[in-house]
*Asks:* 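There's a structure below that I have some questions on.
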Amino acid sequence: MHFPIADATVSPLLLALLGMIVGTMTGFFGVGGGFLITGGLLVLGVPTIYAVGTGLLMVMGTAITSTLRHRRLGNVDMRLAVLIVCGTIPGVFAGERVNATLEHAGVAGPVVGAVYFVLLLSLGSLMVGNWIRQLRYRPGPRVGGGLPGWFRSVRLGPDRLRLPMLAGARFSGEVNLRPAFPRAGIDEMSALVPTFAGFTIGFVAALLGAGGGFLLMPFLVYGLGIPPGVAIGTDLFQIIITGSLGAFLYSLSGNVDPMIAVIMFASASVGTQLGALATRFVNASRILGLFGVTVLNAGVAVGLGQLARLLGSGGLEQVSQALLLGVSGAVAVTILILLTAAAVSQARRGRRLSALREARAARRRVV
Amino acid sequence: MYQALSEFLLELSRHKILWAVSVIAAMAITAVVLYVFWDLVARGVALARPRGRSPADNRSRRGH
């Protein structure tokens, strides 16, 4: 099938398959999957600039569907999400400016590649290491200590902001700058912590041309100690903003093919439903472990891609793309297997319960 | 029909701002429509399936 905007001929079945993999991972991990979509579209023969632009549009779409799904499951802390977004928007603009400066100096490619490689590899190693430690020792949850304890107790500026000119019948004229985040399980925390975190993540995301979900999700879990389900839902809300901002900028330059995005998105919407549902059945450490494997694999693929460009080897470039898609596909299949296993065991339990009830009713009828 | 759609998209892509706004709006609307569709499917499946009692129901039945 020929796509006239991107001027590329791609099989719609392969696009749908890629969309399904991305959708499952988006719903399950709360990441936009930009790195995966762009890599996948490049493998399928879509020109680079259209792969990035269409990828961002797709990230926005899957993030909207997943956020709505997670909101229904009670996984989105809106107060936290809005504070993060307040920092993300200026962060994205600052990151774009730095990216443009690096591009002007002609060093954007190597710098972005190196930062991406170091970030993905260190984050992935941290998460996989943590998962292995949990599998070995099974330590109890740490509440109030370590990094989450520090972030929750740190004082940044005043606790209350007085705005007497706005005081009225409905508003007392005082804003609490250390609000509670009940959905995230935080009793009180400075509102500036998520705003600064949003700024930093928006900056790095714009510098790398990504949605930033792979940075925000670990920060919410390890930095703020939020349950992974809520971290995923809250993180997806932020990805809607970064994704739509990026997609709009690329659309202005005409570098987006909406037909490719719609075909991928139709199958991705099935994946996001299944992925989001799977977060209810799969335990938190397994979610983080699988996410760590995906991020670590992406880091290795980016490293191989950089090496391929340095050596000018087309074969190595293909190996890196195949590794990225192959392992991500395997992770998506694992998620679907875990979901199926949970659904089958629940159905069996339901059948056992109804058989028990029928037997009881029959006994009562006899008596 | 596909040919006509392609030509329409190519024509629309020449108007930069209109194109960008249309692309974002189309994706956002598709996302919400697909979410509503899958939500209705999930509700239909849940209604069609006989439900077993949850542990919470059993506890309330026992008066806890």
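Model, not experiment: these values are computed from the prediction. Naming: A, B, ... by sequence-line order, numbering from 1 per chain.
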*Asks:* Looking at B:Val41, B:Leu10, B:Val32, which one has more heavy-atom pairs under 4.5 Å with chain A than the rest?
*Replies:* B:Leu10

*Asks:* Where is the tightest heavy-atom contact between B:Ile24 and A:Met60, given as atom of each residue plus distance?
*Replies:*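 B:Ile24 and A:Met60 have their closest heavy atoms at O-CE, 3.5 Å.
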
*Asks:* Does any heavy atom of chain A fall under 4.5 Å from the side chain of B:Ala28, the backbone, both, or neither of them?
*Replies:* both

*Asks:* Heavy-atom pairs under 4.5 Å with chain B are the metric here; pick the option from A:Ile240, A:Thr272, A:Leu252 that has the most.
*Replies:*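 With the most close heavy-atom pairs to chain B, the winner is A:Leu252.
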
*Asks:* Going by atom types alone, do B:Trp19 and A:Ser251 pair a side-chain donor with an acceptor below 3.5 Å?
*Replies:* no

*Asks:* For A:Leu68 and B:Tyr35, which heavy atoms make the closest approach, and how far apart are they?
*Replies:* O-OH, 3.5 Å

*Asks:* If you count every heavy atom of other residues, nucleotides or ligands that lies below 6.0 Å from B:Glu11 atom CD, does the total exceed 12?
*Replies:* yes

*Asks:* Roughly how far, to the nearest 0.5 Å, is the CE atom of B:Met27 from the OG1 atom of A:Thr62?
*Replies:*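 That separation rounds to 7.5 Å.
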
*Asks:* Can you tell me how far apart CG (B:Leu9) and CG (A:Asp257) are? Round to the nearest 0.5 Å.
*Replies:*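 Reported to 0.5 Å precision, the distance equals 8.0 Å.
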
*Asks:* Could you grab the distance from atom CG of B:Leu5 to atom CE of A:Met259, nearest 0.5 Å is fine?
*Replies:*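 Between B:Leu5 CG and A:Met259 CE, I get 4.5 Å after rounding to 0.5 Å.
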
*Asks:* Between B:Asp39, B:Val36, B:Ile17, which residue shows the highest count of heavy-atom pairs closer than 4.5 Å to chain A?
*Replies:* B:Asp39

*Asks:* Where do A:Gly61 and B:Ala31 come nearest, in terms of heavy atoms and distance?
*Replies:* O-CB, 3.7 Å

*Asks:* For each of A:Leu249, A:Ile64, A:Leu57, tally heavy-atom pairs with chain B at distances under 4.5 Å, and name the one with the top tally.
*Replies:*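 The answer is A:Leu57.
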
*Asks:* Sort A:Phe3 into side chain, backbone, both or neither according to what part of it lies under 4.5 angstrom from a heavy atom of chain B.
*Replies:*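 Both parts, heavy atoms under 4.5 Å.
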
*Asks:* Evaluate side-chain contact (heavy atoms from CB on, under 4.5 Å) for B:Val21 paired with A:Phe248, printing each intermediate quantity in order.
*Replies:* CA-CA 7 Å; B:Val21 173; A:Phe248 186 77; 4.0 Å; yes

